[in-house]
Chemist: 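Please see the structure below; I have some questions.
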Amino acid sequence: MIIRRRPAARICVLLAVLVAGLFPTGIAAADEPVAKESPKVELVLDVSGSMRTRDIDGKSRMAAAKQAFNEVLDAVPEEVRLGIRTLGADYPGDDRKRGCKDTRQLYPVGPLDRTEAKTAVATLAPTGWTPIGPALLGAAEDLEGGDATRRIVLITDGEDTCAPLDPCEVAREIAAKGIHLVIDTLGLVPDAKTRAQLSCIAEATGGTYTSVQHTDELSDRVSQLVDRAADPVVTPVATQGAGQCRDAPQLEPGLYTDREKFGEHRWYRVDVLPGQELRASVSVGADRAVNKDYGVLLRAVTVHGREIVRGSEAGDGRTDLISTGLRYPKPELEDADDVKPAAETVCLQVSNSFSAPPAVKTEPGLPVELTVDVVDAPAAASDVAAFGLGRGWWLLGVLVLAGFVAGLLWGWVSRWRIAVWRTN
């Protein structure tokens, strides 16, 4: 019996090796999709005493925040792990040392139980101080761990009352850690000091600042920011444009940020090969009070100074952002099979015509976001502009000839009608 079992065992081993060879574990593991880590968001809500003020749609700031939170919690995407932290919610006294430690996590960052989170928010009542700096530090700790997208959304109605722990410096320290944590700030009916502080916090981490006057604005904006965490955008690359084209930075396709003073020109360089199309757009943000008349200009220029194409936009009212763009298709070379095509250097000029009242600081400059893309040029034009007069005068000649023939025909018909009228 032993002699008979050995061949059977060898056959089983051989079959196992063959199966392993046909289905290697390494390949099977490699074919399995890697699960993407769920994004993390923490909402940081100011529950200080000033939130009792009744100036948002006839109700208190706290009531407006609670209503907005309920709407936001109903719409949070399933993949987002959300938490809630408060500041100024527990200590009503005058001891500054204790008041500046008054921040706690109301709901832990994780899978969202909407009923539990709403119940926790419903218990809040405006109470104490405004320790924004400590709250941001606590929120950053709440979001630690893993490689997920991380976002803090701070909602407050006033500036920090716990200096010298400057919340703007706290935000810079968080950004310096390189943990890709973005802080967005929302100011409820903010004054100038609050606006300046919240703008500084947001700018330090690449976030956004929004002024909120109504409940629906608060709800919509927080929902946007939570959705943005679920579907993150490309992180812009910081660059610095030059005062003239020859000194400008060379840009690859991508998203870039810069700062531009009021009325300043900034230059950047992009290489475009024959058969490619340059697509560029620019947005300039008004992150402070500006005069009503403004504009932005984006030009594509050759290195010798000849303008190729431009895009511009202007306005005369309050704005937070103004944008424009351009497209430049470079034709393919004829009979260039044996010649390696050389790239053309295109100079992009970004200009703005913003101005501000004398009391407004002009430093730092206005935030600029520049998008550069280089794609294969279309084989056929999609609009009449591609036949443009810049490519030749044949279209103008056709139009002149058509007009001349039409004029002759109309004159002949008119004379014939007059002759018939006189005869009759």
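Since we're looking at a predicted model, the values are computed, not measured.
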Chemist: Measuring only between side-chain heavy atoms, which start at C-beta, is Val189 closer than 4.5 Å to Gln213?
Modeler: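 Of all side-chain heavy-atom pairs linking Gln213 with Val189, at least one is under 4.5 Å.
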
Chemist: Counting distance only, does the side-chain N/O of Asp373 pair as donor-acceptor with the main-chain N or O of Pro253 below 3.5 Å?
Modeler: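 Not confirmed, Asp373 side chain does not pair with Pro253 backbone.
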
Chemist: Taking Gly93's backbone N and O only, do any of them form a donor-acceptor pair with Trp129's side chain (distance below 3.5 Å, no angle check)?
Modeler: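 Yes, the answer is positive, given that a donor and an acceptor are paired below the 3.5 Å cut-off.
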
Chemist: Are the side chains of Thr103 and Leu137 in touch, meaning some heavy atoms are under 4.5 Å apart?
Modeler: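 The answer is no, as the side chains (C-beta and beyond) never meet within the 4.5 Å cut-off.
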
Chemist: As an exercise, state the distance from CE of Met51 to OG of Ser60, rounded to the nearest 0.5 Å.
Modeler: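 Reported to 0.5 Å precision, the distance equals 7.5 Å.
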
Chemist: When you measure from the side chain of Lys66 to the backbone N and O of Leu124, does any donor-acceptor pair fall under 3.5 Å?
Modeler: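 Here the side-chain-to-backbone pair exists.
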
Chemist: So how far is it from Asp46 CG to Leu186 CG, rounded to the nearest 0.5 Å?
Modeler: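 Here the rounded value is 12.0 Å.
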
Chemist: Under a 4.0 Å N-O cut-off, is there an ion pair linking Arg259 with Glu203?
Modeler: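 Salt bridge present between Arg259 and Glu203.
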
Chemist: Return yes when atom CD of Gln244 has more than 12 non-hydrogen atoms of other residues, nucleotides or ligands closer than 6.0 Å, and no otherwise.
Modeler: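 Check passes, neighbour count above 12.
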
Chemist: For the CD1 atom of Ile132 and the CG atom of Leu198, what is their distance to the nearest 0.5 Å?
Modeler: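 Going from CD1 on Ile132 over to CG on Leu198, the span is 6.0 Å.
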
Chemist: Considering residues, nucleotides and ligands other than Asp247, do more than 12 of their heavy atoms fall under 6.0 Å from its CG?
Modeler: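 Yes - once you tally the heavy atoms of other residues, nucleotides and ligands closer than 6.0 Å, there are more than 12.
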
Chemist: Side chain of Gln224, backbone of Arg221: donor and acceptor closer than 3.5 Å?
Modeler: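 Not at all, since once roles are kept as given, no pair shorter than 3.5 Å links the two residues.
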
Chemist: Against Asp142, only a single residue in Arg85, Lys40, Arg150, Arg104 fulfils salt bridge (Lys or Arg N to Asp or Glu O under 4.0 Å); can you say which?
Modeler: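 Among the candidates, only Arg85 passes.
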
Chemist: Whether the side chain of Thr205 engages the backbone of Ile183 through a donor-acceptor N/O pair (distance < 3.5 Å, no angle test) should be reported.
Modeler: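 The answer is yes, because a donor-acceptor pair under 3.5 Å joins these two groups.
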
Chemist: I'd like to know whether NZ of Lys261 has more than 12 heavy-atom contacts from other residues, nucleotides or ligands below 6.0 angstrom.
Modeler: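 No, not enclosed.
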
Chemist: Determine, step by step, whether Asp113 and Tyr107 satisfy the side chain to side chain donor-acceptor pair (under 3.5 Å) criterion, reporting the C-alpha distance in whole Å, the side-chain angles of both residues, the deciding distance to 0.1 Å, and the verdict.
Modeler: CA-CA 10 Å; Asp113 184 323; Tyr107 186 85; 5.5 Å; no

Chemist: Against Pro77, only a single residue in Leu112, Val41, Val226 fulfils side-chain contact (heavy atoms from CB on, under 4.5 Å); can you say which?
Modeler: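 Filter result, single survivor: Val226.
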
Chemist: Just by modelled atom types, is the Ala196 backbone N or O under 3.5 Å from a matching donor or acceptor in the Ser199 side chain?
Modeler: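 Side chain of Ser199 to backbone of Ala196: no pair is present.
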
Chemist: Checking Asp57 side chain against Thr215 main chain: does a donor-acceptor pair fall under 3.5 Å?
Modeler: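 The answer is yes, because a donor-acceptor pair under 3.5 Å joins these two groups.
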
Chemist: Look at atom CD of Glu252 and say whether more than 12 heavy atoms of other residues, nucleotides or ligands are closer to it than 6.0 Å.
Modeler: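 Check fails, neighbour count at 12 or below.
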
Chemist: Look at Glu277 together with Lys330 and state whether they make a salt bridge at an N to O cut-off of under 4.0 Å.
Modeler: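 Lys330 and Glu277: not salt-bridged.
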
Chemist: Compare all side-chain heavy atoms of Phe69 with those of Leu43 and state whether any distance is below 4.5 angstrom.
Modeler: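 Side-chain contact under 4.5 Å: yes.
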
Chemist: Contact between Asp258 and Tyr268 at the side-chain level, heavy atoms closer than 4.5 Å - yes or no?
Modeler: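 They are in contact (side-chain heavy atoms under 4.5 Å apart), so the answer is yes.
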
Chemist: How long is the straight-line distance from CD1 of Ile174 back to CD1 of Ile201, given to the nearest 0.5 Å?
Modeler: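 These two atoms lie 9.5 Å from each other.
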
Chemist: Quick check for you: to the nearest 0.5 Å, what is the distance between Arg61 atom CZ and Thr156 atom OG1?
Modeler: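 One finds 9.0 Å between CZ of Arg61 and OG1 of Thr156.
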
Chemist: Are any of the side-chain heavy atoms of Arg172 and Glu169 separated by less than 4.5 Å?
Modeler: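 Yes; the side chains approach each other to less than 4.5 Å.
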
Chemist: Rounded to the nearest 0.5 Å, how far apart are CD1 of Ile322 and OG of Ser312?
Modeler: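 One gets 9.0 Å once the value is rounded to the nearest 0.5 Å.
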
